[in-house]
Every structure is written in structure tokens, then in C-alpha cells.
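Order of listing sets the numbers, starting from 1, for every ligand and every atom in it. Only a predicted model underlies this, so the values are computations on that prediction, with no experimental measurement involved.
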Amino acid sequence: MEPSKVGNMLTHQYVINDPLHQVFNAVNAISVQGYDEQRRVIYWNKGSELLYGYTKEDAIGQKIEKLIIPKSMCDLVISAHSDWIEKGIEIPAAEITLCKKNGHDISVFSSHVMFTNQYNNKQMYCIDIDLTDARKAQAQVTLKEKMLETIFEAIPDLFFLMEPNGTICDYHTSNTSDLYVSPTQFIGRNMSDVLPDDVANKFKTHISKALAQEKMTSFDYELAMPSGLLYFEARISHLKKPNQVMVIIRDITEQHKSDQIIRHQAYFDSLTLLPNRFLSLDRLSQILVEAERNDEKAAVLFLDLDDFKKVNDSLGHEVGDKILVKSAHRLQQVLRKEDTVGRLGGDEFIILLRGLTDHQDALAVAENLLNLFRQPFKIDRRELILTLSIGVAIYPKDGCCASDLLRSADTAMYQAKALGRNTYSFFTPEMNIVMQRRFEIEEQMRGALERNEFELHYQPQMDVKSASIIGAEALLRWHNPVLGNITPDEFIPIAEHTGLIVAMGEYVIEQALSFLNLWQKSDLNNYTMAVNLSPRQFRDNELIPFIKKVLSDTGTRPTTLELEITEGVLMSGQSYIHDALISINALGIKLSMDDFGTGYSSLSYLRQYPFDVLKIDRSFINGITINKADCDLVKAAIAMSHSLGLTVIAEGVETKEQLQLLERLGCDIVQGYYFSKPIPAVQLLEFSTQIHR
Ligand code: C2E
Ligand code: MG
Ligand code: MG
């Protein structure tokens, strides 16, 4: 018989539970199957069709073990079923894996009931619920749990679950030693009973904040742990269901440290550890606000180490750095606690004095500072004396804001340098005019060489005895279309400062020597040419090679070139200057000490270096006929020079009387307006032919 027919018959015969079947037929989500005592299907609802893939027609009359029971379970099912029928041993509800028509496994939760029908036959009903989704969900939950566990393990953060009132319900940590106290001391307790008051208060505030808003809130706090003071970041978010707060704690001690370092670097100079320019100016602004409020004065002192560049160049940056560090310490010594010393950069420092009643207070500080630098610096068993130039600006008189005051103090510092360094200078409004002019000159000087704005004039040098011309001094002239004629006394120091003197000096050497060559050839005379050299030119490694090259290019005899230097060049005592002078001498070039009498007029220099010529400054020549002291000095200088084998040139001879007196004193050569002003090359050629005629 076809199973379906058997099914129909059986169905008809066994169906007793019509109302029950109606219910089962209505629920597609649950599979309900009915079996007779031989385990043949007598009922198969829509839910069973959907779950197992067998239609009602497929199933009715089939034995359970032929349909959905996996082979391995068949014997078990058959015996369990017969135990139930015969011995009344119930088959308990259980999660089992059955088999679908397409051969796939299916997890179900299977419950069973046994009915006895009117013919006293037993009928088993199986009610199976698909566990696929539940299993999936379960697997998801397990996976999530596993994931969380791994996360908690892997990340060093601490997690706390708290009640909104701060009671700690749960925690997670990968390392219990990260906890402030042991779990037994905080689980179930309120965090305010565990944490220090200030930290607990922060938590309280932020928990309230997290409860009030949707977003996560975070804050930093510090906690004294057995290992030291640590910094933490707490993030708090509100979990609506259940009404709890999740607290995530991260140790940010390292980050905090590096933040502090970065902050320090942004505000402090790494070498001297003094406030840097930024912080100094910020402090100045604060001081000014305070000064205005209290109707007080404040002072800005702009400090610059004299000749620091030379120290750096000759002794190396390491020594330079040590000097800067030691200078910083010295500066701090002079100050009151409330004053500030900062480093603006390079060898520039700033001192801010607050709460002054009188500008004399600043003067006293400036004097103290100068005194402080009278002591030599002891560096690597070497003693170095470095002086300071200080510019002082007073609030509110010299500027109302930090930048104005700094500029005024800088201007005053320039003035202190111009006054000969190792001194201080208070700002005056006139200085601004000087500075303005300086800037204009600096600006115009750039490109002036290329624009051919420079020219050399030559001042004849006359032999006193024969009254004949023996040579000339080359003197630079500058005509600028904007500023007009600018004197060398004004532009040379600026060119020195900017370094433009190096290129200008090369121009002078080239021009002077090519003219000398032409001049010497014009009347076959062994004229000399004196060229001035500035200190800055000695720092140029190319100076000596350049001179050599020009000498050979122009075919000039080195003995007819005379290089004039002032005492200032020698005073720094740098070894490269010494070396350069020796090389100059070795080349056969003459060396001349210019402006003698204006500086220290130290005789030791004349002995120490290979000088050939001494030029007495015109300020002494000017007074020789009227001032006995000047006359005595000139007399002594001449005698001394001669004893050292030097030729003496008197500068600035303007009168016949001066010339006659100099002749009597035994001066060798004179130079001055009496014979001629510095004149262009063409005029000099004329002048020398006239004299010789
Ligand atoms: P210096 O080397 O002492 O030059 C002598 C200065 O005295 C020149 O001024 C000259 O014009 C001036 N003079 C000469 N005779 C008389 C006189 O009888 N009476 C008066 N009142 N003055 C006289 P100048 O040309 O203005 O140069 C000034 C200074 O500028 C020079 O002093 C020198 O130190 C510097 N200088 C000029 N040209 C150069 C240059 O090419 N290179 C460098 N490095 N410095 C230069
Ligand atoms: Mg000179
Ligand atoms: Mg001179």
C-alpha cells in the first residue's frame, strides 16, 4: 500500500484530537508530529513541513526513524519510545539534532507528550522548536563574551560598572595590580568610600554629567599609587538598560610626562632652561597689565653678550654653549624672585623688572649686571671675560605693549654697543631716529655693489722730508640714489654688522690694486696703496687666498700693498686673526696699525704682531700745535715706533704748522687735507704728475 493511503486510513482511524490539531495547524513556527505505537506518522502539521522539508503526504505513515532521526540515534529512539509505551518511562524534552529531507542537520528543542485514544492506543506527539536562530544568537553571545574577555585581557584599561549613585558592581582588568585597592575592598561599595575625596568628587560630577547627556564624558585625574603619582583618564558612559554607568580608566602617566616635556619645550629654552622668547613676552604682557592696574613702572632690559660670535667661532660652539649656560646663572643671581630672566635667542637675554617706582631701580640692576660680568668665566681651565651691552626701556614711557618695549630696549642696546660695549643705555626717542636711519642704510646697502653705487677715492700720502707723493690710502665712497652720499663712518659699521663688508672689501681690494698697477706704470714709480680691513673680513677664510689671487692677477708687488687694521681687530685675541696677520706678513704685504691713540694704544700689540707702519690718529694731529699733551703723545709714539723699526704716518694733517711740527718730531709720512682730500683715481693721477713736475 502507498504510504499516503496508509496515512489516510491511519489518520482517519487515529485522529482523536481534532481541536488540538486545529491549534497545531495554526502555528507554523512550531513543528508538531503525531506517531502511533509503531512510530508511524499520524499527524504532520505545516510547521513540520517547513522545518523538516517533508510534506504531509511524504510523512504520513512513515516511521519516525525513516524520516527525521539520524542513523546513529535510531536504536535509541526506538527503545525509548517502546519504554514509554510499555513501561511508562517518559522521553524527556531535550535539545537534539535531527535530519531534514535535504540531508542537513537541524537543531531542535523537542518536547513529547503521550495520549491514549478511545481505542486505547498510545499516540506520541513531538513538539519541535527550531533552535537554528537561538543557536546562532547563542553562538553570537558566546563570541561576544569571548571577544570582550580578549579585549579586557589585551588592553591595559580598567573597566568598572557602577550604579548611578557610584556603587561599584563589577570590574574588569588584565592586571589586578593596576587597581587602587583590591576588588574585595570595592565591590559593592561606593567609589567615594574608596577613592580620595578630590578624585571621588570628580567622578561624582562626571557621572552626573554622563547621566544627563547622551554622550560619553571624560576627565583626567591623578592618584597616588604605591608606584608613585600616576595620571589617569576616565571615560564615563551611561548604559540606559540596566541603568548603570560604565567607567573606563586609562593610565596616561607617560603621555602626561611627554605632554609636560613638550609644554616645557614650547616655553623654555632647552640650553639654559630659561623662559624662551615666547614665554618671556607673555610674562611681559602680564607684567604690563599688573603695572597699569597698580599704576607702577616696569622695565625691560635687553642684554647682548659682546663679541659672543667671536668666542663661538674661535673656541667652538661647545664653549659658546657653556658660556650661555653660565651667563644664564649669573643673570638669575641678580634678580628678585618676582623678576624674570629669559633667553630671546643666540646671545640675547631679556630681564623683566616689575613693580618699579623709579627708573633708578632699573639702573641699579643694569650696573649690577655689568659688575657681575667683570668676573671671568672659567671654562675648561680657561678664563674668559665676556662683557654685556644692555638696553633699558621703561613702561609706560618707552612703550605701552610688550613688542614696543622690546623694540625700544633693543634700540637702546644698540646704542650701548655703539658707545663701546660693556655698558648700558636707556632708551630715548631720538634713538628711534638713529635706528630708522640704520635700517634704511641696511636696506639700501643690499644690492648696492651690483648697482655700482660704490667708488674708491684715494688720499695721497706724502713723504715729509722730500714733500713727494709716495702712495695713497684707498677710501670707500657710497652714493645711493635714495639716501645720497653716506660716509664710511656711518655705513662701514653697518656693513660689518650685516657681513656685507666681506663682498665690499673684496671690491675695494680689486679696485685699489688694479688702480695701483696702472698708477705705478704711469710714471714708473713704486707707489704704495693702503687698504683698510675690518674685523669681520678676518673671519672670512677666503681673505688671504683672495688677496693673493688679486696680487697675482694684477701683477702687483706685495710690498707695495699696505693693509690697515685697527686695534679692535687685535683685541679679541683670536687665533685666526693671528694666523692671518702672519700669512699677510709672509706674503711680503705691509701691515699698518690704523687710528693709533684712539683705542688702548697698547704697545704690546706692536711687538706681538709684524707691523710695518703706525698711523697716528688725526684727533691727536689736530691738537699738536695747540695742545702739549697731544704733542707729547705724538712725539712719544714716533720715538717708540722708530725704536721698533716702524714707519710713522700722521693722519689728518690740515695745516702747514702741523706739518712743520711733525717734521721736527721726525714723522716719516703725512696724509691730510693740507695736501689733498681723498680724490677719485683720475684726479690722483693728475695730482701725482703735478707734484713730480
Ligand atoms: P681711516 O682709515 O682712519 O681713514 C682716514 C679718514 O680720515 C678718512 O675718512 C679721510 O677722509 C679722513 N681724513 C683724511 N685726512 C683728513 C683731514 O685732513 N681732516 C679730516 N677731518 N679728515 C681727514 P673717511 O674716508 O670718511 O673714512 C672714514 C673711515 O672709514 C676710515 O678711517 C676707515 O676706518 C673707514 N673706511 C673707509 N674706507 C674703507 C674701506 O674701504 N674698508 C674699510 N674696512 N674701512 C674703510
Ligand atoms: Mg685707514
Ligand atoms: Mg685712520
Indicate the ring-plane relationship of W519 and Y527, choosing parallel, tilted or perpendicular according to the 30° and 60° boundaries. parallel
Check this for me: does any side-chain nitrogen of one of D632 and K635 sit under 4.0 Å from a carboxylate oxygen of the other? no
Measure from NZ or CZ of K549 to the centre of the six-membered ring of F546 and say whether it is under 6.0 Å with the direction within 45° of the ring axis. no
Which of the N/O/S atoms in E473 sits closest to the Mg ion (ligand 2)? OE2
When you check the side-chain N and O atoms of Y458 and Q683, is any donor under 3.5 Å from an acceptor? no
Find out whether the Lys NZ or Arg CZ of R330 is both under 6.0 angstrom from the six-membered ring centre of F377 and within 45° of the ring's axis. yes
Just wondering, more than 12 heavy atoms not from Q332 lying within 6.0 Å of its CD? yes
Is the closest basic N to carboxylate O distance between K309 and D347 below 4.0 Å? no
Show the protein residues that qualify under the rule heavy atom under 4.0 Å from an atom of ligand 1, listing them in chain and number order. Q459, E473, L475, L476, R477, P488, D489, I492, V508, N532, L533, S534, Q537, E564, D594, D595, R618, E651, G652, V653, E654, G672, Y673, P678
Can you name the one residue among R437, E440, E453, R477 that meets side chain to side chain contact (heavy atoms under 4.5 Å, CB included) with I486? R437
Just by distance, with hydrogens left out, do E473 and N532 show a side-chain donor and acceptor under 3.5 Å apart? yes
Distance filter under 2.8 Å, centred on the Mg ion (ligand 3) - protein N, O or S atoms that pass it: D594 OD1, D595 OD1, E651 OE1, E651 OE2
